[in-house]
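The chains referred to below are lettered A, B, ... by the order of the sequence lines, with proteins before strands, and numbering in each begins at 1. All figures in this text were calculated on a predicted structure; none of them were measured in a lab.
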Amino acid sequence: MTAGIPNSSTSTAPDDEDAGRLPAYVPADIEPRWRAAWETANVSGSELADGEEGTYVLEMLPYPSGTLHMGHVKNYTMGDVITHFRRRNGATVLHPMGYDSFGLPAENAAIKTGGDPLEVTEGNIKGIEQEFDHMGWSIDWTRTLATHRPDYYRWTQWLFLRFFEKGLAYRKDAPVNWCPKDQTVLANEQVVDGACERCGTIVEKRSLNQWYFRITDYAQQLLDDMDLLEQWPERVLTMQRNWIGRSEGAHVSFHQRDLDQAIEVFTTRPDTLHGATFFVLAPEHPLVGALTRGTGNEQVVSDYVEAAAKLSNIDRSNAERDKTGVDTGRTITNPATGEEIPVWVADYVLPDYGAGALMAVPAHDERDFAFAKTFGLPITRVVASAPGAEDELPYTSKEGVLVDSGDATGQSTTDGARAIVDRFEDAEFTVNYRLRDWLLSRQRYWGTPIPIIHCDECGVVPVPDDALPVLLPQVDDYQPKGQSPLAAAEDWVKVRCPSCSSWAKRETDTMDTFVDSSWYFLRYADSQNGHAPFDREVVDRWLPVDQYIGGVEHAVLHLLYARFFTKVLYDLEMVGFREPFASLFTQGMIYKDGAKMSKSKGNVVPPLPTVEQYGADALRLYVLFLGPPDQDAEWQDNGIGGTRRFLDRLWRYVHGVARLEAAGDSIVGSPSLDELRADATAHELAAAAHEATKKVTADIGPRMHFNTAIAALMEATNTGTKLLGSRADDAPAIVDVSHRYLAQTIVGLVQPFAPHIASELWSVLGGDAVWAQPWPTFHEAYVQRATITLAVQVNGKLRGQVEVAADIDEAGALEAARANEHVAALLEGTQSVKDIYVPGRLVNLVVRPA
RNA sequence: GCGGGCGUGGCGGAAUUGGUAGACGCGCCGGAUUUAGGAUCCGGUGGGCACUGCUCGUGGAGGUUCAAGUCCUCUCGCCCGCACCA
């Protein structure tokens with residue numbers, strides 16, 4: 001025995017020691033013992049040899065609110081299986097874990113209990129560490145991080161300053177999403193169905209001066225580099241593509257006489273310019289006031305603008321709603337026709353898409369059509385499916401020819417668009433994106449302080465690198481009140497300007513927590529670095545992440561932000577790769593009683609009590625056995641009993657095998673094929689071992705179908721148990737050797753899923769350190785039997801089975817099939833049409849009545 | 001409306017390439033053990049029937065093929081994402 005590996009006999013209760021009785025499987029006895037052994041053996045260490053490229057397996061880090069739930073258990077167990085599997089196939093694997101520990105839940109919990117967010121967070125982390133400990137996941141804890149600790153957020157601030165220097169972090173006045181409950185602004189990505197992603201409150205619009213990341217600069221790269229993401233689920237790529245919302249079209253400037261000013265619109269249909277019969281501004285458009293002045297419509301328009309501002313996002317974006325709007329009393333010149341067309345203000349025009357204004361072509365756009373009908377505005381057809389066709393309006397198809405469109409008349413819509421854009425100086429083709437810049441500032445306490453100083457003389461001044469971290473100050477009141485609680489820390493706010501040394505004020509907003517989690521995967525690779533967030537050389541050896549696993553709910557949040565950060569860091573030459581996650585797996589959720597597990601529904605199954613009752617190994621197996629890992633699954637209380645019974649059966653089988661004297665008392669090599677061919681039972685056992693190896697290897701590796709891998713292990717255990725039960729007292733030695741071989745193969749294969757029991761049973765079989773054993777290899781020769789069973793079909797229907805020699809030829813197989821009594825009877829009085837022979841599988845005799 | 005995905009026993013799900021549909025587990029039924037219950041172990045378990053066998057059967061309707069859960073056409077239902085995006 002090597003140091004640190006406990007003796008398995010300690011699990012044997014005294015009254016089990018008499019001969020003939022097996023020690024009982026008591027997970028609580030063996031599991032802590034083996035976890036201690038792994039720690040001593042440094043199983044989870046991840047040190048690279050000189051010149052070695054590492055393998056990086058990563059799961060999305062938890063938010064430390066309360067305890068872990070079954071979704072985490074599934075997520076981290078999947079990552080753990082892959083970690084062990086790759087490790088045993090020779091890779092050095094980085095498998096780290098940390099805490100995404102800034103954010104609203106801890107802060108709100110602290111406000112509720114009158115506590116301190118820091119204490120609440122650190123307390124939660126302590127509790128979760130307990131849970132991590134009990135699950136036996138192989139995690140390199142020497143690399144752990146928590147985003148709320150200064151040794152981490154110092155570098156979040158440092159990275160912010162690099163973005164600031166590049167003009168990628170900036171401040172602007174803009175309409176923003178405001179959550180009235182959490183009293184803070186939100187990013188577009190954090191508004192779901194018009195409501196705050198965190199608390200579900202309907203968000204309001206406010207015009208505020210806020211900090212943004214210029215993610216829109218990277219819109220096209222974020223789309224283009226999806227080519228590198230072959231190992232990502234199509235669903236996630238589609239969601240990101242929709243979110244970025246690229247559309248090709250043209251900018252066209254319309255001239256307004258009274259203001260003598262051009263107003264720009266974006267259109268995807270420049271070919272329909274001649275059909276623009278009116279013009280619409282968003283209520284928030286900056287020219288609304290100036291344009292209306294002196295028309296007599298001032299009051300009506302300003303009332304409308306005010307009403308629009310009060311509408312919730314949900315009401316505003318409801319397409320079913322009747323169109324509303326008001327006439328400004330002004331006109332604008334259609335550059336194609338030279339006609340003066342009326343300018344309206346309407347809330348179906350969104351302020352933050354395109355130019356916040358549009359040319360309305362009611363004949364060929366449903367929304368413009370509805371608006372024209374409501375307000376009696378003219379409708380002019382400029383596209384027809386064929387020359388002269390009187391299509392029903394609105395005719396919105398892009399297929400067709402232009403009519404009544406000046407020189408472009410008769411051209412296809414595509415050619416016409418080009419001709420029209422070419423003709424007018426004030427029109428040019430352009431690409432527009434739906435993606436907006438990422439609003440990163442928050443008016444809340446529990447977040448990374450933005451390292452900026454506001455000076456009356458110098459303006460916005462970055463905190464110098466050597467003054468980082470800007471520590472989060474202590475405050476007495478965390479209550480959100482529309483401005484950051486940090487503003488109350490007057491001593492902290494008041495600071496000398498780094499540039500001119502006069503008194504200045506610190507920025508009091510904090511960063512969105514998604515900033516923290518946009519680079520954590522880089523820090524793990526170089527977590528102890530004290531002079532930089534990470535070293536490029538080190539990071540390039542581990543990243544991109546080989547396998548990332550997490551929930552699909554982050555498709556347009558974390559996963560988009562992390563891609564953006566990586567691209568910026570690539571451009572800053574801080575990393576040598578453009579995509580952070582080479583392969584992404586999105587796991588399904590675990591439901592119970594048809595609903596998501598939640599405290600309010602009372603259907604939560606907490607991990608720790610389940611471990612106490614069934615053992616960590618049974619729970620690990622069960623969450624993966626539930627179904628394909630990318631699908632949602634229903635937790636069934638009885639189900640985990642099934643995986644526990646499997647472990648009990650495996651335990652009995654391995655202990656039974658360990659007592660077979662003829663099998664020896666240590667790990668054996670593969671029995672020779674010659675020996676196996678002499679004994680059918682021995683051959684069955686060795687074949688079962690190899691079949692399981694083939695299935696489990698393929699299921700963990702390329703397919704990630706852990707449920708069927710576990711099923712294969714159950715099957716192999718059932719085969720072994722059955723053959724051990726029917727073993728004759730005078731069985732030849734090769735049978736016992738084969739039992740030992742099957743037992744050690746199953747234990748070796750089950751190790752990534754159930755590492756505790758595997759460690760124990762491996763030592764019962766006389767081996768050391770199952771976690772360090774090479775992964776079993778599959779050999780086809782072992783599963784090939786002397787005889788095989790062929791299915792016999794007559795006219796495609798199964799009519800019998802025949803046992804034939806494995807190396808039989810087609811003629812022999814057909815003969816054997818016809819010789820089958822039942823088949824022969826069916827063939828009587830028929831004439832052969834065709835014989836089909838699929839080697840190793842079946843014979844199909846196609847006949848017709850004679 | 002646009003995009004992505006899914007429909008197989010009482011339930012969760014299997015079936016890498018078209019080749020014996022229902023692996024594995026839950027549940028259920030029977031047996032052993034037990035004073036009993038529970039637990040455990042062993043066996044059975046898609047439906048129907050004139051039950052050594054036949055027949056129906058992968059949401060539905062067609063088609064291709066010797067052979068279809070798998071390929072093609074149409075269709076029904078469910079889930080998820082985006083959506084007044086010009």
Separation between the C1' atoms of B:rA15 and B:rA67, rounded to whole Å: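 Nearest-Å result for B:rA15 against B:rA67 at atom C1': 16 Å.
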
Main-chain N/O of A:Ser247 paired with A:Asn432 side-chain donor or acceptor, under 3.5 Å: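 Not confirmed, A:Asn432 side chain does not pair with A:Ser247 backbone.
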
Donor-acceptor pair, side chain of A:Trp651 and main chain of A:Val26, under 3.5 angstrom: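 Side chain of A:Trp651 to backbone of A:Val26: no pair is present.
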
Nucleotide B:rG12, atom P - distance to CZ of A:Phe706 in whole Å: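 Spelled out: CZ on A:Phe706 to P on B:rG12 is 22 Å.
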
Sugar-phosphate, base or nothing in reach of A:Asp835, heavy atoms under 4.0 Å: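 If one applies the 4.0 Å heavy-atom cut-off, A:Asp835 turns out to touch nothing in the nucleic acid.
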
A:Asn638 vs B:rG12: side-chain N/O to OP1/OP2 distance below 4.0 Å: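 Answer no for this pair, as no side-chain N or O of A:Asn638 is under 4.0 Å from OP1 or OP2.
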
Distance in angstrom units between A:Leu798 CG and B:rC66 C1', rounded: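 So the CG-C1' distance, A:Leu798 to B:rC66, works out to 15 Å.
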
Distance below 4.0 Å between A:Arg241 side-chain N/O and B:rC82 OP1 or OP2: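 Answer no for this pair, as no side-chain N or O of A:Arg241 is under 4.0 Å from OP1 or OP2.
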
Sugar-phosphate only, base, or nothing, as touched by A:Gln801 at under 4.0 Å among non-hydrogen atoms: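 Base: the residue A:Gln801, judged by heavy atoms under 4.0 Å, touches a nucleobase.
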
Sugar-phosphate, base or nothing in reach of A:Pro628, heavy atoms under 4.0 Å: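 The residue A:Pro628 makes sugar-phosphate contact but no base contact.
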
Contact nearer the 5' end of RNA chain B, comparing A:Leu826 with A:Gln793: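 Its nucleotide being nearer the 5' end, the pick is A:Gln793.
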
Any donor-acceptor N/O pair, A:His364 side chain to A:Thr272 backbone, under 3.5 Å: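 No, the answer is negative, given that no donor and acceptor are paired below the 3.5 Å cut-off.
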
Atom-to-atom span, CG of A:Leu814 to P of B:rC66 - whole angstrom: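 Roughly 17 Å, once rounded to whole Å.
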
B:rG47 to B:rG62 separation - P atoms, rounded to the nearest Å: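 Per the computed distance, 26 Å lies between those P atoms.
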
Sugar-phosphate only, base, or nothing, as touched by A:Thr643 at under 4.0 Å among non-hydrogen atoms: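 A:Thr643: no heavy atom of the nucleic acid under 4.0 Å.
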
Earlier contact from the 5' end, RNA chain B, for A:Ala712 and A:Ser247: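 Checking each residue's closest nucleotide, the 5'-ward one belongs to A:Ala712.
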
Side-chain donor or acceptor of A:Thr717 paired with backbone N/O of A:Leu650 under 3.5 Å: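 Here the side-chain-to-backbone pair does not exist.
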
Nucleotide of B:rG13, B:rU40, B:rU16 approaching A:Arg652 most closely (side-chain heavy atoms):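 Output: B:rU40.
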
Spacing between A:Phe646 atom CZ and B:rA23 atom P, to the nearest angstrom: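 Distance, rounded to whole Å: 17 Å.
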
Sugar-phosphate only, base, or nothing, as touched by A:Lys722 at under 4.0 Å among non-hydrogen atoms: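 A:Lys722: backbone/sugar contact only, no base atoms under 4.0 Å.
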
Atom-pair distance (OH on A:Tyr353; C1' on B:rC82), nearest Å: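 So the two atoms are 13 Å apart, to the nearest Å.
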
Between A:Thr787 and A:Glu803: side-chain donor-acceptor atoms closer than 3.5 Å: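 Distance-only check passes for A:Thr787 and A:Glu803.
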
Sugar-phosphate, base or nothing in reach of A:Ile836, heavy atoms under 4.0 Å: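 Base, at least one base heavy atom under 4.0 Å.
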
Nearest-angstrom distance, C1' atom, B:rG69 to B:rA83: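 B:rG69 and B:rA83 have their C1' atoms separated by 35 Å.
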
B:rG18 phosphate, OP1 or OP2, under 4.0 Å from A:Arg841 side-chain N/O: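 So the side chain of A:Arg841 is outside the cut-off, no N or O lying under 4.0 Å from OP1 or OP2 of B:rG18.
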
Strand partner of B:rU40, provided both Watson-Crick or wobble distances fall under 3.5 Å: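 The base-pairing partner of B:rU40, which may sit in any strand shown, is B:rA32.
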
B:rC54 phosphate, OP1 or OP2, under 4.0 Å from A:His822 side-chain N/O: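 Checking B:rC54 against A:His822, a side-chain N or O does come within under 4.0 Å of OP1 or OP2.
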
Integer angstrom distance from the P of B:rG57 to that of B:rA68: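 Comparing P positions in B:rG57 and B:rA68 gives a spacing of 11 Å.
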
Rounded distance (Å) that lies between atom C1' of B:rG25 and atom CZ of A:Arg644: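 After rounding, the reported distance stands at 16 Å.
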
A:Gln220 vs A:Tyr433 side-chain heavy atoms within contact, under 4.5 Å: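 A:Gln220 reaches A:Tyr433 side chain to side chain.
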
Sugar-phosphate, base or nothing in reach of A:Arg799, heavy atoms under 4.0 Å: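 The residue A:Arg799 makes sugar-phosphate contact but no base contact.
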
Candidates B:rC24, B:rU20, B:rC82 - which lies nearest the side chain of A:Arg434: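 From the listed options, B:rC82 comes nearest.
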
Between B:rU45 and B:rC24 - C1' atom distance, rounded Å: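 Here B:rC24 and B:rU45 have their C1' atoms 15 Å from each other.
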
Touch class at under 4.0 angstrom, heavy-atom based, for A:Val280 against every strand present: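 Answer is nothing: A:Val280 stays at 4.0 Å or more from every strand.
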
Complement of B:rC54, any strand, by Watson-Crick or G-U distances under 3.5 angstrom: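 Checking every strand shown, B:rC54 finds its partner in B:rG48, with both distances under 3.5 Å.
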
Between A:Asp809 and A:Tyr837: side-chain donor-acceptor atoms closer than 3.5 Å: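 Result is no, nothing qualifies.
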
Residue A:Lys797, side-chain heavy atoms: nucleotide from B:rC41, B:rC56, B:rG4 that is nearest: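 Closest of the options to the side chain of A:Lys797: B:rC56.
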
For B:rA83, the Watson-Crick or wobble partner whose two distances fall under 3.5 Å: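 When the pairing criteria are applied, nothing turns out to pair with B:rA83, so the answer is none.
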
Sugar-phosphate, base or nothing in reach of A:Arg645, heavy atoms under 4.0 Å: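 Contact class for A:Arg645: sugar-phosphate only.
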
N-glycosidic conformation, B:rC29 - syn within 90 degrees of 0, else anti: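 Glycosidic conformation of B:rC29: anti.
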
Pair partner, B:rC78 [Watson-Crick or wobble, under 3.5 Å]: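 B:rC78 is paired with B:rG5.
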
Spacing between A:Asp630 atom CG and B:rG81 atom C1', to the nearest angstrom: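 These atoms are roughly 16 Å apart.
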
Nucleotide paired to B:rU17 in any strand shown, Watson-Crick or G-U, under 3.5 Å: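 Across all strands, not a single nucleotide pairs with B:rU17.
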
Base-pairing assignment for B:rC24 (Watson-Crick or G-U wobble, both under 3.5 Å):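 Partner of B:rC24: B:rG12.
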
Residue A:His705, side-chain atoms from C-beta onward, closest of B:rC11, B:rA23, B:rA15: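 Looking only at heavy atoms from C-beta outward on A:His705, the closest nucleotide is B:rA15.
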
Side-chain touch A:His822/A:Asn820, heavy atoms, less than 4.5 angstrom: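 Yes, at least one pair of side-chain atoms sits under 4.5 Å.
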
Rounded C1' spacing from B:rU55 to B:rC51 in Å: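 Each nucleotide's C1' atom is 11 Å from the other's.
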
Touch class at under 4.0 angstrom, heavy-atom based, for A:Arg848 against every strand present: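 Nothing, no nucleic acid heavy atom in range.
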
Assigned glycosidic conformation for B:rG48 [threshold 90° from 0]: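 In terms of base orientation relative to the sugar, B:rG48 is anti.
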
Of the listed nucleotides B:rG12, B:rA14, B:rC24, the one nearest the side chain of A:Gln636: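 Comparing B:rG12, B:rA14, B:rC24 against the side chain of A:Gln636, the answer is B:rG12.
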
Inter-nucleotide C1' distance (B:rG9, B:rG4), Å rounded: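 29 Å, rounded to whole Å.
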
Sugar-phosphate, base or nothing in reach of A:Asn707, heavy atoms under 4.0 Å: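 Sugar-phosphate contact only - A:Asn707 comes under 4.0 Å of backbone atoms but never of a base.
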
Touch class at under 4.0 angstrom, heavy-atom based, for A:Ala698 against every strand present: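 Base contact.
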
A:Phe375 and A:Trp344 aromatic ring geometry - parallel, tilted or perpendicular at 30°/60° bounds: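 Rings of A:Trp344 and A:Phe375: tilted, 30 to 60°.
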
Sugar-phosphate only, base, or nothing, as touched by A:Asn844 at under 4.0 Å among non-hydrogen atoms: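 Base contact.
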
Touch class at under 4.0 angstrom, heavy-atom based, for A:Arg235 against every strand present: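 Here A:Arg235 touches the backbone only, sparing every base.
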
P spacing across the pair B:rG27 / B:rG38, given as an integer number of angstrom: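 After rounding to an integer number of Å, I get 13 Å for this pair.
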
Out of B:rA23, B:rG25, B:rA86, whichever nucleotide has its closest atom nearest the side chain of A:Glu715: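 Closest of the options to the side chain of A:Glu715: B:rA23.
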
Lys NZ or Arg CZ of A:Lys323 over A:Phe371 ring: under 6.0 Å, within 45°: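 No cation-pi geometry.
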
Nearest-angstrom distance from the residue atom CD of A:Glu284 to C1' of B:rA86: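 From A:Glu284 CD to B:rA86 C1': 15 Å.
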
